[in-house]
Amino acid sequence: MASEGAAVRRTRAERAETALETLIDVSAAPDRLRRVLEQALVFAGAAFAGVYAPGADPAGLCLVESAGLPRTLYGLRDGYPAAGASPVAEAHRTGRAVWLGPAELADCPEARRTPSADFSVAVLPLGPAGGGCLLAVSEHPGGFGTDDRACLELVARAVAVPASIGTTEAGEPPPADRFSLAMDTGRVEVGDTILRLFGIGREKFDGRVETLLGLTVPEDLPALMSVVEADHMSIGERELEFRVLQPSGPPKWLRLRGRMLSSGEGRPARLVGTVADASTLRSDVTDVARVQRLAAALAMAGTVKDVGKAVVVALRKPLQADRLALAELENDRLVVTVLDPPEPEAWPELWRSEWRTEWPDAPVRSMPTLAAALREGRSRIWPAGSALEPALAEVGPGGLAVLPLPAGGRMAGACLIGWDRPHDFAPDERALLTASAGLAGQALLRAHAFDAEHELVGMLQRTLLPRRLPRLPGAVAVARYLPTTAGLEVGGDWYDVIPLADNHVAFVIGDVQGHNAGAATLMGQMRTALRAYAAEGHAPDVVATHANRLLLDMETDLFATCCYVDVDMEQGTAWCVRAGHLQPVLRHPDGSTEIVEAEGGPPLGVLTRADFPMTPLRLQPGTVLALTTDGLVESAEADIDEGMARFAAELAAADPGHLGLVADALLTGAHRGDDVALLLMRYDGMAVRPLRESWTVWRVPEAVRHARRFTRRTLRTWGVERDTLDAALLIVSELVTNALVHTGGQVRLDLSLVNHRLRLAVADGSPRSPVKPTSIGWEATGGRGILLVEAVSATWGTVPVSGGKQVWADLVPDAGPPLEQG
C-alpha cells in the first residue's frame, strides 16, 4: 500500500511540474500568472491562492494576482505593511516559508479566521528575501499535507511577478494588453493592443477613461461602470465581458480583467488589468475560472431561485451532468429549491411516486448516505456502481456527487449532481465541486435571509393596505397594487375608500417617499390618520391640513403625496384636494376623458403652513374616477405628462361596465421599477335618494319648541305616521335639550328618511359623548333623557363630527298589519 501511495504522490507532483513547465513556456501570455496560481488549487487542494509583492511604495505588499474563492471569505487584505507582524510580511522579510494551522492562527494577531475549524494558511517566499510571497488557504482537515506542500513549492518557483504590475511610472505606457487607471483623476495608461481593440489610435487618445467608455455599447455601460468602482473592486478580482462599437458590422466583444491596487496608506489607488478580444480567448476554460464566474454570478443572486439558476449554469452543463438538485436544509428536512431538468420524468421512479415540494422521504435520516455527508460537512463522490440507497442511486447511476453547502458554521443545504453514464472524476473536478459548494452555501444563506426579509416587508405592506373595499351606495370601486420587482424594495404607495356620513365616500391615494420598511410603516400611519380625520367629518382641505401637521410632528425625513376626493353619492358632486400628487382622471359617459386641472398644494410633511385648495367635480351617472401613483405613468423612457396622456387614452378605450378588467388592462406593461397603486370608481347614482332636512337651533328660550315645530312640519310633509311622529318629537326634545344645556356653540338638527328608516341627529361642539346613567333615584331632576331616547328608538349612537359630536337615533315604523290568514 505504501508503494502505491508513493506512486500516486509522485504522479500528482509530476503532473503539477509538467503543467507548470508548460505555463512557463508561455511567459508572454497575459494571464500566465493567474494560470500558475490555478495549479495550486488543482494540485495542492487550496481554496485560495494569491501573490503579494512590493508595490509603488516599497513599504507595503500588494495583492497583485489571485485565484480561487474571494479573499474576503478568509479575512485577507489587499495589502500588508512590509514591516508588520503578518505572516505575509514575515515570509517576505525572512525568505522562509510560514505554515500556520488552526492552533497557530489562533495565536496570530494579524490573522483573521473563518468559522471553519480546518482553516490553514501557507505563505511561501518567491525566491530570496524581499521578493514577495505566495499565500495559499486550505479548508481540508489537517491543512496542507506533504504532497500539498511540495506542489506549493513548485508553484512558488514558477511564479514570476511582472515588474510592470504596481510599478509602472505615471505616463509610461504599460504592456500592450494592460491598462492602469488612476481612480482619483480618471487618467488611464493603455497598451497599444487595447487601443486597437477599441479602434482608436495612440495619437488620438487623450488619456481619459471617459473617451474609452464612450466607445462602448450604451446598454453595457452600467455593468462596466460597476466593475471599475473602487468599492466594488476592493472585494477582489472581477471579470466582465462588454461590447465596443465598430465602424461597420456588429459590436465586438471584449473581456476585462482587473484588480484594485492599494496605495501606501491602504486606500484604493489604481485599477490595473488586461483587456482582450473575447472571441479569440482560449475555449478550454479551467474549472477554477468556472468557480470565479460562479462567485460573480452568486454575488448578484438576490433570491434562492437566483442562486439555484447560477449553480445550474455553472455546474450541470460544464460537467455534462444529467441532473442537478439543490435543496435547503430546514431542521432535519431537505426542501427542494431547484430541480434541473424540471420534468418529473427525468428523475427516479421513487421520486415521481412522491412528487411534492419536499424531497421524497423528506427526513434526512431516511437517506443515511446523504445524512452522513451532511454530518461530516464534506463533499462526497460515488462512482458508477456504488452501493447506495435507491433514493440516491437512481439519481446518478453513472456517478453521484453530494455537496453539503456550508454557511455560517452550519449546513445550509445540499446539492446532488448525477450522471447516467459512468463518469470519471478528475482532481480538478473535485476542486471545482468543493469550491462551488462553499460559494453556494454562503449565497444560499444570504438569499434565504433576503427572501425572508422580502416576505416580511411584503406582508407588512399587504397588512397595511385594505383587505377589501366596502360596498358603496350608487357606485362600484376596484383597486390594484403591484409591488416593485427591483430587489428588496417595498414602497409607500397606498389607497383607501372611506364611507362617511350622509352617503359621502372619500377616495384616497398616496405615495410615501422611499422604498423600504420605514416608508411602508409611515404609509400605514398616514392611511390611518387620514381615515380618522375623515371619519371625524372634516372637509377635505382640513383633512389634508391635519395630515400635514401630523407628518411634520413625526420628525421624519420622509414626505408623502396624496389625492383626496370626497364624493356625495346622492348629488353626484365631489371636492378634490391634491397634496403634491397626480391629478385625477375622469372618464365621462360619452367615452371622453379629462385630466382634472385640480389646483394642488405641496406634499405632506414639507411646509408648516401650507394651503390645500379644493376643486369641485361633477359626476354624471356612468362617470369613472381614476386615481393612480407615479409608478404607473412615469419611467426612464417617458415623463409624467406623456404617461398621464397614455393613461387617459387607455382609460377612454376601456369598457367601464367591467371595472376589474379595466384595472387589469391599465396595469398591463406597467414599469416595475417602482410600486404602483390604482383606484377606480364608477359612479352610477343612487336609485333611491334619501329625504333630508336640517335646522340650526338658536340658543333662545323657545329653542326646543322651535325644533319640535320644525320636526313636526317636516315629518308631516314626508307622510310619517302619527305614532312615529310622536316618538320623533320626544327624541328631538331630549337631544336638543341635552345639547343646549351641556354644550356651547352651534347646535344643528338633521332629519333624514331612507327606506322607511327615520334618523334624528343633533350635532354640537362638544366631543364628549352622552353617558347613560346606571341608576336614577326618585329625587333626581335630570339624567332621564338618554334613557327615554333608548326606550323609544330602534337604536342610537354618537359619532365625532368636526371637533364635536353628533348624537343620533333611528326610528323604524311598522311595515303594517300582518296579512290575513286564508
Side-chain angles (χ1 to χ4, degrees), residues 473 499-504 535-538 568 570-571 688-776 780-816:
L500 303 174
D502 301 334
N503 288 323
H504 280 242
E536 289 181 351
H538 296 295
D568 184 345
E570 296 178 11
Q571 304 298 327
V688 178
R689 292 188 178 183
L691 299 176
R692 299 187 186 278
E693 291 291 347
S694 296
W695 174 266
T696 300
V697 181
W698 297 97
R699 292 181 176 273
V700 296
E702 299 293 326
V704 175
R705 184 169 64 85
H706 292 323
R708 287 171 57 89
R709 185 171 58 187
F710 165 76
T711 302
R712 182 185 297 107
R713 184 173 61 248
T714 300
L715 297 187
R716 284 178 176 175
T717 303
W718 291 352
V720 176
E721 297 180 355
R722 178 61 182 271
D723 293 343
T724 303
L725 177 60
D726 292 341
L729 294 176
L730 174 61
I731 291 173
V732 168
S733 298
E734 296 298 335
L735 295 183
V736 171
T737 300
N738 283 344
L740 294 174
V741 172
H742 300 292
T743 70
Q746 185 177 357
V747 176
R748 189 184 75 250
L749 170 63
D750 296 310
L751 309 178
S752 62
L753 181 63
V754 184
N755 293 330
H756 302 290
R757 176 178 286 270
L758 176 64
R759 170 160 293 190
L760 313 163
V762 175
D764 57 59
S766 172
R768 297 182 58 184
S769 299
V771 179
K772 184 177 67 173
T774 56
S775 62
I776 297 180
T781 59
R784 296 181 175 85
I786 291 299
L787 295 177
L788 289 174
V789 171
E790 183 180 53
V792 300
S793 63
T795 183
W796 74 281
T798 179
V799 294
V801 176
S802 299
K805 69 175 181 298
Q806 183 187 70
V807 184
W808 56 269
D810 285 355
L811 292 174
V812 182
D814 294 335

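All figures in this text were calculated on a predicted structure; none of them were measured in a lab. FYI, side chains are in, hydrogens and waters are out, and symmetry mates aren't considered; it's all heavy atoms of this structure.
Applying the 6.0 Å contact sphere to NE2 of His756 captures no more than 12 heavy atoms from other residues, nucleotides or ligands. Residue Arg699 places its CZ atom among more than 12 non-hydrogen atoms of other residues, nucleotides or ligands, all under 6.0 Å distant.
The shortest distance between side-chain heavy atoms of Val812 and Thr795 does not fall below 4.5 Å. The side-chain heavy atoms of Arg692 and Asn503, taken from C-beta on, include a pair separated by under 4.5 Å. With contacts defined as side-chain heavy-atom distances shorter than 4.5 Å, the pair Ile786/Glu734 does not qualify. Inter-residue side-chain proximity for Leu735 and Ile731 is flagged as met; some heavy-atom pair is nearer than 4.5 Å. Contact check for Pro690 versus Leu753: no side-chain heavy atoms found under the 4.5 Å cut-off. By the 4.5 Å heavy-atom criterion applied to side chains, Thr714 and Trp695 are not counted as neighbours. Phe710 has its side chain within reach of Leu749: a pair of non-hydrogen atoms, C-beta onward, lies under 4.5 Å apart.
The backbone N or O of Ser733 sits less than 3.5 Å from a side-chain atom of Thr737, completing a donor-acceptor pair.
In this structure, the separation between CH2 on Trp808 and CG on Asp750 is 14.0 Å, given to the nearest 0.5 Å. In this structure, Trp698 CH2 and Gln746 CD are separated by 7.0 Å, a value rounded to the nearest 0.5 Å. Within the model, atoms OG1 of Thr711 and CD of Glu693 stand 11.0 Å from one another, a figure rounded to the nearest 0.5 Å. For the atom pair CG (Asp502) and CG (Asp568), the distance works out to 8.0 Å, reported to the nearest 0.5 Å. In this structure, Leu725 CG and Leu730 CG are separated by 11.5 Å, a value rounded to the nearest 0.5 Å. We find the CH2-OG1 distance between Trp718 and Thr724 to be 13.0 Å, quoted to the nearest 0.5 Å.
Looking at Ser694 and Arg748, their side chains never bring a donor and an acceptor atom within 3.5 Å of each other.
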query = Under the side chain to side chain contact (heavy atoms under 4.5 Å, CB included) criterion, do Leu811 and Arg757 qualify, and how do the steps go?
reply = CA-CA 6 Å; Leu811 292 174; Arg757 176 178 286 270; over 6 Å; no
task = Any chance you could lay out the side chain to side chain contact (heavy atoms under 4.5 Å, CB included) test for Asp810 and Leu758, step after step, and finish with the verdict?
result = CA-CA 6 Å; Asp810 285 355; Leu758 176 64; over 6 Å; no
ask   = Which is it for Leu729 and Arg712 under the side chain to side chain contact (heavy atoms under 4.5 Å, CB included) test, yes or no, and what are the steps along the way?
value = CA-CA 7 Å; Leu729 294 176; Arg712 182 185 297 107; 3.7 Å; yes
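The shortest heavy-atom contact between Ala703 and Val697 is CB-CG1, 3.9 Å.
Using a cutoff of 4.0 Å between basic side-chain nitrogens and carboxylate oxygens, Lys805 and Asp764 are scored as salt-bridged.
Listed by chain and number, the residues in a salt bridge (charged side-chain N to carboxylate O under 4.0 Å, His left out) with Asp726 are Arg722 (sequence neighbours excluded).
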